[in-house]
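When reading the values below, keep in mind they use all heavy atoms of this one structure, side chains included, and skip hydrogens, waters and symmetry mates. Whatever order the structure lists them in is the order used to number ligands and atoms, beginning at 1. This structure is a prediction, so every number in the text was calculated from the model and none was measured.
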Amino acid sequence: MAGEHVLICVAWPYANGPLHLGHVAGCYLPPDIQARFERAKGNRVLMVSGSDEHGTPITVSAETNGVSPQDVVDKYHAINTKALLDLGCSWEPNVDPRGVDFGGSLFNRTSDEDHHKIVSENFISLLNAGLFEKKVMQQYYEIREDGGRFLPDRYVEGDCPNCNAPGARGDQCDECGVTYEAHELQNPKSKMNPEASIEIRDTEHFFYRLDLFQEALEEHAIQRQTVWKSNVKAMTKQWLDMGLRPRAVTRDLDWGIPLPLKGEEWDGKCIYVWFEAVQGYYSCAKLWSQRHASSDDWEKWWKTGEDGVKPRHLYFLGKDNIPFHTVIWPALIMGLNHAAKGLTASDKPSLPEPGELQLEDNVPAMEYLMLAGGQFSKSRKHAVWLPSFLDRFDPDTLRYYLSINMPENHDTDFNWPDFVEKINSELIAAYGNFVHRVLTLGARLPLGRGLDSFEDLSFCNEEMEKLENLHIEITNSLEKHRYKEALRNVMRAAQLGNQMLQSATPWKFLKDLDGDGAKESMAKLSFGWRISRLLSIMTQPFLPFSAQKLWNSLGEEGDVSQVSWQSAIDWNTQFKSSDVDPEPLFKRLDLDEILAQEQELASNDSNDNNSDPTHGVKGSKKKKKEEKKMPEGTTHLDFETFMEVELKVGKIMNVTDHENADKLFVVTIDDGTEVGRTICAGLKEYYTAEQMIGKSVVFVANLKPRKLRGVMSEGMMLAADDGEGGVTLVTLDGEIAPGSQVR
Ligand SMILES: [Zn+2]
């Protein structure tokens with residue numbers, strides 16, 4: 001139904017680091033595709049999300065780096081907002097260009113004062129309705145001269161009571177996955193201040209009565225059986241089967257929304273981050289309304305209208321977050337409705353009625369996108385963070401790869417060879433080449449005999465029928481959140497175009513436009529323009545940048561995202577043409593080049609443990625240079641530590657090119673042992689193989705061996721680097737046997 005109100009809720013990214021490709025595939029790309037598709041169908045979309053800026057991961061990260069929590073969240077809110085916009089996610093403009101009745105989007109942040117205000121109001125109304133209970137908890141307390149403080153779970157470390165692993169957190173062991181009560185932890189210490197003495201103290205907190213909503217939530221889950229994916233059904237059932245218990249909504253921490261209560265006993269406590277961040281879906285819609293529309297416009301996306309039509313609520317998130325959105329958040333929404341009706345804990349909660357806040361319709365949660373393991377993991381830090389990726393690649397290539405590889409039903413894997421393969425042999429070979437062929441052949445036609453003059457749709461009935469069927473299938477897939485399937489069928493439309501051109505061979509008729517068979521062949525080329533137009537409209541939700549570029553090359557005007565989805569198969573739209581020379585939509589990718597860049601990033605990374613994961617190739621080089629120019633303040637090393645480095649003399653016996661890395665040599669060294677050793681070295685820019693063979697060099701003999709692009713490297717040769725591009729191997733003055741110690 002066109003004109004439907006669709007609320008798209010996107011999981012709030014946590015502002016303590018940059019987004020990585022796993023986040024993008026799981027939470028941030030699917031809702032953007034959906035929003036673009038819904039808008040193209042004529043629906044009214046309000047999309048909401050923002051940075052989740054409270055909680056202990058942020059305070060821990062701030063304390064570790066000696067900055068304020070505000071610095072941390074300001075930094076990552078800016079980085080992630082920019083990265084999402086660079087990826088083409090439609091967080092701007094805030095108001096739909098068709099008008100405010102069509103909605104818009106707001107990417108907010110939980111540190112927003114107005115979010116604080118709305119959350120505080122909700123807290124009070126739930127409290128007044130009796131939906132909280134007060135309980136005494138036990139919490140570690142760090143004793144200090146200045147008064148001490150309670151330690152949230154992440155601030156406590158010890159040995160796991162289950163598997164004995166060290167470094168277990170206050171409530172959970174990352175090693176064996178078990179959760180436990182804080183007092184069960186063995187040898188507990190304050191993470192930030194391990195010397196401090198700590199003890200367990202009582203502390204009073206509010207708990208939300210989730211248990212009151214058990215029955216209503218079970219009813220809700222039954223109503224959603226036909227809509228939810230199997231992973232959503234299974235996880236929700238698991239939670240409900242365990243039985244819901246009250247859940248803490250306050251904690252001892254000063255970074256967060258302060259309790260809106262008077263009294264000393266509440267000092268130093270804040271609203272628990274889970275309880276307030278999830279309310280962001282609601283506060284964000286209200287704030288969008290206040291700031292960009294009329295103040296009660298948000299209700300159109302939250303409440304059933306006077307016509308009895310319910311808005312559709314879609315929540316996009318990773319699988320780890322499912323029960324949060326199918327159990328906890330619906331229980332809060334029902335609680336707010338309950339309180340608004342003036343009911344209390346003794347009244348039975350019910351599912352929302354018309355005029356009340358509505359629950360979610362679908363939660364198309366994704367499985368995980370995995371990162372290729374093994375040797376790739378060294379460079380992981382650089383290679384798969386979104387900002388760094390977008391520094392190096394066209395955003396549409398990432399959107400294509402993650403869409404065609406989306407972890408809809410099972411985990412999928414990101415790796416470079418597959419990325420390059422799919423871009424070159426699918427995106428470019430099928431789609432890019434087809435539209436480029438149509439445009440370049442069209443551009444070779446003589447003046448006055450453009451593509452439009454050959455149009456004769458009677459030759460193209462078969463193609464039209466197939467495309468119309470594909471259009472229906474793609475629409476169905478997108479309505480069911482099957483992005484992979486939808487995009488595969490869009491590519492099928494491009495393949496159909498390619499096959500049509502291949503058999504019509506219009507290029508043979510360019511010099512003889514009136515010869516035998518020219519009429520049919522040129523009619524097909526002309527229809528190629530219509531298929532390209534269809535592709536521009538139908539790739540738009542997935543690949544907005546290239547779709548717009550193609551739209552312009554076709555001679556069409558305006559923004560393709562404003563064009564109706566249905567008009568993709570309108571075969572009677574007027575022909576257009578552009579005077580601009582057609583350019584290929586995408587650049588081919590070179591795997592060797594990418595792997596070499598990765599290699600470089602990996603080696604920079606190993607020199608620089610604190611490297612900022614947000615920088616790309618250029619940034620990382622610059623950073624390295626800057627570090628070299630740092631003043632000579634040296635960090636002193638213990639003599640013992642230095643002596644742990646085992647330096648030896650080796651003689652270079654053989655040097656070959658590394659098969660999988662352009663910049664690396666594989667060097668065989670006589671190290672005094674019978675077998676010798678292999679070292680990978682990035683010296684190709686400075687030496688030829690011949691220049692290196694026979695040299696006596698110094699190498700680090702006890703460096704942990706590591707695989708570099710498939711070759712095990714057993715050490716590192718020392719080289720001097722002037723920082724200006726000059727690099728020479730450290731060689732020896734005179735003869736000495738390979739294997740000799742250097743000290
Ligand atoms: Zn454990």
Side-chain angles (χ1 to χ4, degrees), residues 14 16-17 20 22-23 26 52 54-65 135-143 149-203 205 207 210 231 234-248 251-253 272-274 317-324 327-328 365 367-374 376-378 380-381 384 407 410-411 413 609 704:
Y14 203 62
N16 71 336
H20 62 58
H23 296 130
D52 180 354
H54 296 132
T56 47
I58 282 159
T59 54
V60 169
S61 152
E63 275 191 53
T64 312
N65 294 304
K135 270 204 265 187
V136 174
M137 294 171 81
Q138 293 186 324
Q139 187 89 40
Y140 281 105
Y141 190 87
E142 180 182 319
I143 299 158
R149 61 167 175 179
F150 277 104
L151 297 173
D153 293 330
R154 275 175 194 262
Y155 279 78
V156 184
E157 255 181 17
D159 303 334
C160 170
N162 181 49
C163 73
N164 281 324
R169 281 193 265 151
D171 58 344
Q172 188 184 339
C173 171
D174 289 336
E175 200 61 38
C176 70
V178 149
T179 56
Y180 36 79
E181 296 295 322
H183 64 82
E184 297 176 75
L185 190 69
Q186 306 294 304
N187 303 318
K189 286 189 174 63
S190 161
K191 189 174 167 179
M192 293 298 162
N193 194 5
E195 305 303 316
S197 45
I198 67 175
E199 64 182 24
I200 289 180
R201 285 193 187 180
D202 285 350
T203 172
H205 284 288
F207 286 68
L210 278 182
N231 60 349
M235 283 179 135
T236 306
K237 184 173 185 309
Q238 204 187 344
W239 265 57
L240 291 173
D241 286 352
M242 281 190 306
L244 299 173
R245 286 182 302 171
R247 192 179 168 104
R251 70 186 316 195
D252 297 286
L253 190 71
Y272 220 127
V273 63
W274 71 262
L317 39 114
K319 66 176 165 188
D320 52 335
N321 242 334
I322 290 170
F324 221 85
V327 176
I328 294 182
E367 301 286 316
Y368 290 140
L369 177 80
M370 308 298 276
L371 310 173
F376 182 62
S377 69
K378 269 279 174 195
R380 173 185 296 181
K381 223 172 142 187
V384 295
H410 53 82
D411 293 346
D413 193 59
N609 285 328
K704 190 168 165 192

In this structure, which one of V327, I322, N321 forms a side chain to side chain contact (heavy atoms under 4.5 Å, CB included) with F324?
N321

Sorted by first residue and then second, give each ring pair (Phe, Tyr, Trp, His ring centres under 6.0 Å) pair with at least one member in residues 154-176; sequence neighbours left out.
none

Going by side chain to side chain contact (heavy atoms under 4.5 Å, CB included), name the residues that satisfy it together with N65, two or more places apart in sequence or in a different chain.
S61, V67

Could you check whether the rings of H20 and H23 sit parallel, tilted or perpendicular, using 30° and 60° as the cut-offs?
parallel

Please assess K319 against D411 for the test salt bridge (Lys or Arg N to Asp or Glu O under 4.0 Å), listing each intermediate value before the final yes or no.
CA-CA 10 Å; K319 66 176 165 188; D411 293 346; 3.2 Å; yes

Protein N/O/S atoms closer than 2.8 Å to the Zn ion (ligand 1), ordered by chain and number, come to C160 SG, C163 SG, C173 SG, C176 SG

Applying salt bridge (charged side-chain N to carboxylate O under 4.0 Å, His left out), can you list everything that pairs with E142, at least two apart in sequence or on another chain?
R144, R149

